[in-house]
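The structure under discussion appears below in the form of structure tokens.
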Amino acid sequence: MIVCKFGGTSVQDAEAMTRLAQIIGARRKLQPVVVASAMGKTTNQLLEVAQTASRGKRQDALDLLAKIKEKHLRESQKLGIAVTEDWVFETIQTYFKEMRDLVKGLAALGELTPRIMDAIASYGERLSTAILTQVLENNGMPAQLMDARQCVITDDNFTRAAVLFDQTDPAILEHLRPVIKAGRIPVFQGFIGATRQAITTTIGRGGSDYTAAIVGAALDVEDIQIWTDVDGIMTTDPRMVPEARRIRVISFDEASELAYFGAKVLHPATIVPAVRRKIPVHVLNSYKPDQEGTLITDEAPPCDNPVKAIAYKSGITVVNVTSTRMLMAYGFLKRIFDTFEHFKVPVDVVSTSEVSVSLTVDETSALWDIVTELKKIGEVKVEGSKSIVCCVGDNLRNIPGVPYIAFSALQDIKIQMISQGASAINITFVIDQERLPEAVRGLHDAFFKTADPLIFE
Ligand code: ADP
Ligand code: ASP
Ligand code: MG
């Protein structure tokens with residue numbers, strides 16, 4: 001068995017869905033399970049509908065919803081899915097009717113809760129997978145539409161719910177096994193789940209990759225394939241550096257670190273279930289299905305380059321806490337971290353001196369509450385519009401001189417924080433956001449002037 005996950009661009013329209021059917025057709029013997037995202041930009045648009053409605057702009061929200069509906073109907077029509085009696089057509093009608101009701105309710109209430117955001121966002125994946133099921137059928141492959149909400153069981157932390165594996169693993173086996181046994185291809189929504197009380201949740205933006213790994217681990221598949229719009233994991237984001245090269249093979253550790261520090265190609269949680277069962281993950285280009293992509297595996301072969309890839313994350317805020325009272329005292333760090341924990345805000349980069357601590361966060365919703373708390377401990381300074389740049393490679397453990405190369409590449413850029421350590425396979429810098437493109441290009445030039453042909457294309 002294998003899991004094949006298709007991201008937004010890989011299901012964005014009729015053409016993409018036809019390519020998908022060919023990819024699955026070529027892998028029929030491997031017993032594929034399909035996991036799919038919403039079509040193209042649907043998730044963003046649905047969330048915009050919800051926001052617009054809750055601001056009282058009922059008609060604008062309904063108009064946008066009508067546009068989203070039109071796109072789904074148009075692409076299904078192009079795929080030869082009948083417009084009148086077909087169950088897909090009925091499903092699309094029903095879902096949009098439900099969403100219109102939600103919009104009217106939201107407009108009347110004027111309040112948007114995370115729970116409603118998840119309810120609305122979930123329609124994106126439910127629509128795309130309904131269409132896809134019929135596309136596979138029309139291409140001669142018996143397929144079965146599944147409901148991820150019966151399988152991916154989560155807590156009620158809406159918009160970023162945590163998966164409860166004790167319940168999820170058996171539910172996936174119970175629902176998917178009989179379908180696979182019967183020779184059908186299960187078509188499963190990424191990104192969405194439900195609480196034990198069957199209330200719809202989502203597991204965080206970009207979460208379909210994670211769903212693929214959750215399903216793959218539960219079924220103990222041979223391969224988890226992440227089909228996307230680039231050639232694989234590249235030495236950096238090709239949108240920022242077009243010369244970025246494809247990485248042929250990378251370790252689980254390196255890939256997690258890259259994902260965590262912003263490489264959008266993989267959701268940061270994806271690797272965890274795969275590691276649990278040591279299942280290889282492939283990242284592949286759905287536009288070029290014959291290319292080999294990137295293999296993520298337990299242990300990557302030795303590489304001549306000190307760094308394997310560079311990731312970045314923008315919209316970062318740095319929080320500095322200084323307290324001279326804390327000189328030689330203990331408990332300072334604990335109190336600071338307890339505050340972040342209390343407000344459930346993750347900290348990415350940390351650096352400390354005896355009397356001060358700098359931390360970065362990429363989420364500012366609870367920031368002012370946190371600052372109020374931290375002010376009880378010391379003087380607090382907050383600076384926004386920062387970026388994290390992170391160079392990752394298993395070789396950082398062995399090859400000396402990596403910081404020297406990085407500092408030389410960044411010599412004209414003010415570095416606000418540096419961190420190397422913890423995982424020992426990354427060196428991370430915090431800089432002003434406006435200098436980011438220059439920094440990433442400079443580092444990429446410095447580290448990939450030459451590239452080990454066994455590892456990079
Ligand atoms: P999908 O919709 O298939 O999940 P995403 O847009 O979430 O696709 O992720 C793919 C995008 O990730 C690419 O188009 C690319 O711009 C971006 N990206 C960022 N860093 C990297 C990297 N190191 N390698 C490849 N792609 C990257
Ligand atoms: N559709 C969801 C999103 O846009 C999940 C995903 O595509 O991975 O965030
Ligand atoms: Mg994605």
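What you see is a predicted model, and the numbers here were worked out from it, not measured in a lab.
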Taking atom CD of Q167 as the centre, report whether more than 12 heavy atoms of other residues, nucleotides or ligands fall under 6.0 Å from it. yes

Close aromatic pair by centroid cut-off 6.0 Å: F429 and F407: yes

Got P306 and F447 here, is their nearest side-chain heavy-atom distance under 4.5 Å? yes

Consider salt bridge (Lys or Arg N to Asp or Glu O under 4.0 Å). Of K288, K264, R239, which one does D229 pass it with? R239

Does atom NZ (K41) have a neighbourhood of more than 12 heavy atoms from anything else shown, all under 6.0 Å? no

Should D223 and I279 be marked as a side chain to side chain contact (heavy atoms under 4.5 Å, CB included) after you check the CA-CA gap, both sets of side-chain angles, and the distance that decides it? CA-CA 6 Å; D223 196 16; I279 302 170; 5.6 Å; no

Tell me, do Q225 and V3 make a side-chain contact under 4.5 Å, heavy atoms counted? no

Give the ring-plane orientation class for Y210 versus H267, where under 30° counts as parallel, over 60° as perpendicular and anything between as tilted. parallel

Sub-4.5 Å side-chain heavy-atom contact between R184 and E137: yes

Tell me whether D231 contacts the main-chain N or O of R246 through its side chain, where contact means a donor paired with an acceptor under 3.5 Å. no

Rounded to the nearest 0.5 Å, how far does CD1 of I425 lie from SG of C390? 8.5 Å

Atom pair CD1/CG of I399 and D304 - distance to nearest 0.5 Å: 7.5 Å

Can you find a pair of side-chain heavy atoms, one from V361 and one from D348, that are under 4.5 Å apart? no

Side chains of I92 and S76: closer than 4.5 Å at any heavy-atom pair? yes

Verify whether one side chain among E48 and N44 offers a donor that lies under 3.5 Å from an acceptor in the other. no

Could you tell me whether a side-chain N or O of D118 sits under 3.5 Å from a main-chain N or O of T202, the two making a donor and an acceptor? yes

Flag the pair D220 and R277 as a salt bridge only when some basic side-chain nitrogen lies within less than 4.0 angstrom of an acidic carboxylate oxygen. yes

State which residues pass salt bridge (charged side-chain N to carboxylate O under 4.0 Å, His left out) with E15; sequence neighbours excluded, sorted by chain then number. none

Distance-only side-chain donor-acceptor flag, S314 / S387, under 3.5 Å: yes

Check whether any side-chain N or O of Q189 sits under 3.5 Å from a backbone N or O of A148 as a donor-acceptor pair, and report yes or no. yes

V283/W227 under side chain to side chain contact (heavy atoms under 4.5 Å, CB included): CA gap, chis, key distance, verdict: CA-CA 6 Å; V283 179; W227 290 88; over 6 Å; no

Are any of the side-chain heavy atoms of M417 and V318 separated by less than 4.5 Å? yes

Out of I233, T294, I226, which residue meets the side-chain contact (heavy atoms from CB on, under 4.5 Å) rule with V265? I233

Starting from the C-alpha separation in whole Å, work towards a yes-or-no answer on side chain to side chain contact (heavy atoms under 4.5 Å, CB included) for V380 and V319. CA-CA 7 Å; V380 183; V319 180; 4.0 Å; yes

Establish, for the pair R19 and Y287, whether the NZ or CZ atom is under 6.0 angstrom from the six-membered ring centre and no further than 45 degrees off its axis. yes

Taking atom types as modelled, find out whether T317 and T364 have a side-chain donor-acceptor pair closer than 3.5 angstrom. no

Enter the distance from I455:CD1 to T235:OG1 here, rounded to the nearest 0.5 Å. 13.0 Å

Reported CG-to-CD1 distance for the pair D452 and I247, which is rounded to 0.5 angstrom: 12.0 Å

Enclosure of R27 CZ (heavy-atom neighbours >12, cutoff 6.0 Å): yes

Can a side-chain donor-acceptor contact be found between K5 and T228 if the only test is distance below 3.5 angstrom? no

Paired with N426, the side-chain contact (heavy atoms from CB on, under 4.5 Å) test is passed by just one of D253, L258, V307, V392, namely V392

Any donor-acceptor pair under 3.5 Å linking the side chain of D155 with the backbone of A161? no

Under a 4.5 Å cut-off applied to non-hydrogen side-chain atoms, are M117 and F158 in contact? no

For the pair T211 (side chain) and F191 (backbone), establish whether a donor and an acceptor sit closer than 3.5 Å, ignoring hydrogens and angles. yes

Under 3.5 Å donor-acceptor, S286 side chain and S10 backbone: no

Keeping H342 on the side-chain end and D338 on the backbone end, is there a donor-acceptor pair under 3.5 Å? no

Do M146 and Q144 have side-chain heavy atoms sitting under 4.5 Å apart? yes

R126 NZ/CZ over Y95 ring centroid, <6.0 Å and within 45° of normal: yes

Using only atom types and a distance under 3.5 Å, with no angle test, would you say the side chain of E254 pairs donor to acceptor with the backbone of D394? yes

Quick one: do Q51 and L112 satisfy side chain to side chain contact (heavy atoms under 4.5 Å, CB included)? Show the steps, please. CA-CA 7 Å; Q51 257 133 20; L112 180 58; 3.9 Å; yes

Identify the residue among L436, I431, D362, T360 that makes a side-chain contact (heavy atoms from CB on, under 4.5 Å) with I388. T360

Side-chain ion pair, R435 and E438, N-O less than 4.0 Å: yes

What distance do I185 atom CD1 and M141 atom CE have between them, rounded to the nearest 0.5 Å? 5.5 Å

Check K313, R205, K344, R160 against E363 for a salt bridge (Lys or Arg N to Asp or Glu O under 4.0 Å) and give me the one that passes. R160

Checking T270 side chain against L266 main chain: does a donor-acceptor pair fall under 3.5 Å? no

Could you tell me if Q12 and E75 have a donor-acceptor pair between their side chains, going purely by distance under 3.5 Å? no

To the nearest 0.5 Å, tell me how far I316 CD1 sits from D432 CG. 13.0 Å

Side chain T113, main chain I116, donor-acceptor under 3.5 Å: yes

State plainly whether the residues D169 and R276 are in salt-bridge range, i.e. N to O under 4.0 Å. yes

